[in-house]
Amino acid sequence: MRKRMFIFCAAVLLISGCSENMDEIIDGPTVIEQPENNDLIEDEISKSLVADPAKFHFVADWLTESKVIYVEKEDGLYKVNSFDFETGQTDTLYEDDSIIIDVLIHPLKKYLLLHTSDNTTSATVKVVTMDGIVQDEVIVTSTELAIEWNDTDPSLILLTAFHQDWTFDLFLYNGKIDSLDLLAIEDPFPKWLGEDKIAIGYVEGHVLDGGEIYTYEPLTEKWGQLDISGVVYFDTHEDTLLVVRINEDKEAHYTIKSKDGVVRSEWTMPVISNYSEWVIPEIEWGSNETVFLLAPNKGGQLDELQTPYRLSRVIEGRQEVVADDVIAGVLRCSPSGRKCLTGYTAENLIDVGTAEETQWLIFPE
């Protein structure tokens with residue numbers, strides 16, 4: 001059923017610039033991937049996508065092992081398209097006459113979440129099925145919008161509506177009962193920790209010293225606190241928590257914990273800062289035991305960093321360098337973790353098994 005809800009706040013929506021896209025498929029170099037176990041099937045990467053920069057919008061994420069989702073604008077419509085690396089085929093999954101600002105793909109691969117807008121005063125969030133049917137829709141007036149989608153229950157969405165003075169309201173949308181509730185949480189970027197719990201960062205002193213993590217259960221309104229301090233960054237995957245702290249050697253100490261606090265793995269990596277805060281690269285989860293991340297070869301200040309980034313895969317605390325000389329931009333890895341997209345516009349494709357890098361997204365000069 002199509003659902004709609006309106007939230008009225010005094011604000012102005014800041015819309016990011018848009019561009020349009022025209023596609024052309026060309027044959028490119030072939031990469032044969034070697035499966036890591038018998039459950040993985042060998043496939044070929046044989047096609048590239050030539051995109052018109054005047055129409056191309058952005059790459060969203062992987063849909064399957066061979067397909068990615070991207071957005072373009074054509075004939076006045078914003079289109080959510082899929083591109084298949086194996087066949088070169090493109091398909092349109094959804095069209096909208098509003099600007100598509102962002103697209104999220106739920107881990108279950110059954111739903112897309114679209115952040116759209118058609119005016120300067122509001123943002124519209126739509127949950128769309130893979131056959132293009134709008135299942136849920138909520139409109140939030142804000143200057144900017146942050147979205148946190150529950151990994152296990154696609155009906156649960158946290159929406160942080162920033163106002164013009166950068167104050168914010170945090171809402172919980174529940175698609176099962178079509179409700180939108182205001183949450184009294186001071187962290188504008190909370191994370192889901194399992195289906196019914198939210199992890200919240202709290203820093204009392206300087207951000208360089210880190211802070212603590214609290215939990216909140218919306219259903220019971222119960223608060224809790226995790227037994228950990230000095231956290232400068234945290235992320236979650238389903239019911240698993242990753243925290244980063246700075247050790248005495250000024251290295252980033254990573255810890256992956258289960259929901260009940262059991263440590264699953266730990267490791268250290270070089271860390272950089274911009275003087276006022278630690279700069280922690282984005283984490284890509286492969287599973288509860290595997291993460292991908294970009295890291296410098298040496299730590300230091302961000303504006304003095306001369307060494308390139310490298311793409312690392314960490315499995316149960318064991319670090320493996322997948323590729324060197326990687327641009328510190330987008331990082332999106334396939335569901336199995338065998339391929340990753342990197343680059344400023346996710347234009348590069350890295351084979352994790354062979355470390356071979358190819359440019360699959362081409363913008364003609």
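Residue numbers count from 1 along this sequence. The structure displayed is predicted, hence computed values, not measured ones. No hydrogens, no waters, no symmetry mates; every other heavy atom, side chains included, goes into these values.
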Run through Ile283, Leu242, Ile198, Leu241 and flag the one making a side-chain contact (heavy atoms from CB on, under 4.5 Å) with Thr236. Leu241
Determine, stepwise, if the pair Ile272 / Tyr309 fulfils side-chain contact (heavy atoms from CB on, under 4.5 Å). CA-CA 11 Å; Ile272 57 179; Tyr309 284 82; 3.0 Å; yes
Closest heavy-atom pair, Thr268 versus His253, reported as atoms and distance to 0.1 Å, is CG2-CD2, 3.6 Å
Shortest non-hydrogen contact from Thr121 to Thr141? O-CG2, 2.8 Å
Please answer whether the main-chain N or O of Thr124 pairs with a side-chain N or O of His115 as donor and acceptor at a distance below 3.5 Å. no
Working for side-chain contact (heavy atoms from CB on, under 4.5 Å), residues Leu172 and Leu180: CA-CA 6 Å; Leu172 169 60; Leu180 190 69; over 6 Å; no
Below 4.0 angstrom, N of the basic side chain to O of the carboxylate: do Glu282 and Arg332 qualify? yes
Pair Phe168 and His163, ring centroids less than 6.0 Å apart: no
Residues Asp151 and Trp285: side-chain donor-acceptor under 3.5 angstrom: no
Which residues share a side-chain hydrogen bond (donor to acceptor under 3.5 Å, both in side chains) with Asp260, sequence neighbours left out: Ser258
Can you list every pair that meets salt bridge (charged side-chain N to carboxylate O under 4.0 Å, His left out) and has a residue in residues 88-112, with sequence neighbours left out? Lys79-Glu95, Asp96-Lys126
Could you tell me whether Leu219 atom CG has more than 12 heavy atoms of other residues or ligands within 6.0 Å of it? no
Test Phe83 against every option in Trp360, Tyr70, Trp62 by the ring pair (Phe, Tyr, Trp, His ring centres under 6.0 Å) rule and name the one that passes. Trp360
Scan side-chain atoms only and decide if Ser179 and Asn174 contain a donor-acceptor pair under the 3.5 Å cut-off. no
Between Tyr214 and Trp223, how do the two ring planes meet: parallel, tilted or perpendicular, split at 30° and 60°? perpendicular
Give a yes or no on whether Tyr111 and Val138 share a hydrophobic cluster (residues Ile, Leu, Val, Met, Phe, Trp, Tyr; joining criterion: side-chain heavy atoms under 4.5 Å apart). yes
Is there a donor in the side chain of Glu347 and an acceptor in the side chain of Thr345, or the other way round, less than 3.5 Å apart? yes
Please say yes or no: joined through hydrophobic side-chain contacts below 4.5 Å, possibly via intermediate residues, are Leu114 and Leu77 part of one cluster? no
Checking Gln301 against Ser273: is there a side-chain donor and acceptor pair closer than 3.5 Å? yes
Answer with yes or no whether the hydrophobic clustering places Leu311 together with Val291; edges join I, L, V, M, F, W, Y residues whose side-chain heavy atoms lie under 4.5 Å apart. no
State whether a side-chain donor-acceptor pair under 3.5 Å links Glu195 with Asn150. no
Quiz question: by atom type and distance under 3.5 Å, do the side chains of Glu212 and Ser229 form a donor-acceptor pair? no
Will you find, in the side chains of Arg313 and Thr290, an N or O donor that is under 3.5 Å from an N or O acceptor? no
So, Asn274 versus Ser276: side-chain donor-acceptor pair below 3.5 Å or not? yes
Taking every heavy atom of Ala252 against every heavy atom of Ile246, the minimum-distance pair comes out as CA-CD1, 4.2 Å
Are Phe58 and Tyr344 close enough that their ring centers fall under 6.0 Å? no
Hydrophobic clusters here meaning ILVMFWY residues chained together by side-chain heavy-atom distances under 4.5 Å, can you tell me if Trp278 and Tyr233 are in one? yes
Over all atoms of both residues, closest heavy-atom pair of Phe162 and Ala146: CE1-CB, 4.1 Å
For Lys259, the salt bridge (Lys or Arg N to Asp or Glu O under 4.0 Å) test, sequence neighbours excluded, returns Asp196
Does the side chain of Thr152 pick up a donor-acceptor pair with the side chain of Glu238 at under 3.5 Å? no
Reference residue Lys67; test side-chain contact (heavy atoms from CB on, under 4.5 Å); the match among Asp84, Thr90, Thr87: Asp84
Determine whether Leu341 and Leu293 fall in the same hydrophobic cluster, where Ile, Leu, Val, Met, Phe, Trp and Tyr are linked whenever their side-chain heavy atoms lie under 4.5 Å apart. no
Would you say the side-chain atoms of Asp136 and Tyr173 include a donor-acceptor pair closer than 3.5 Å? yes
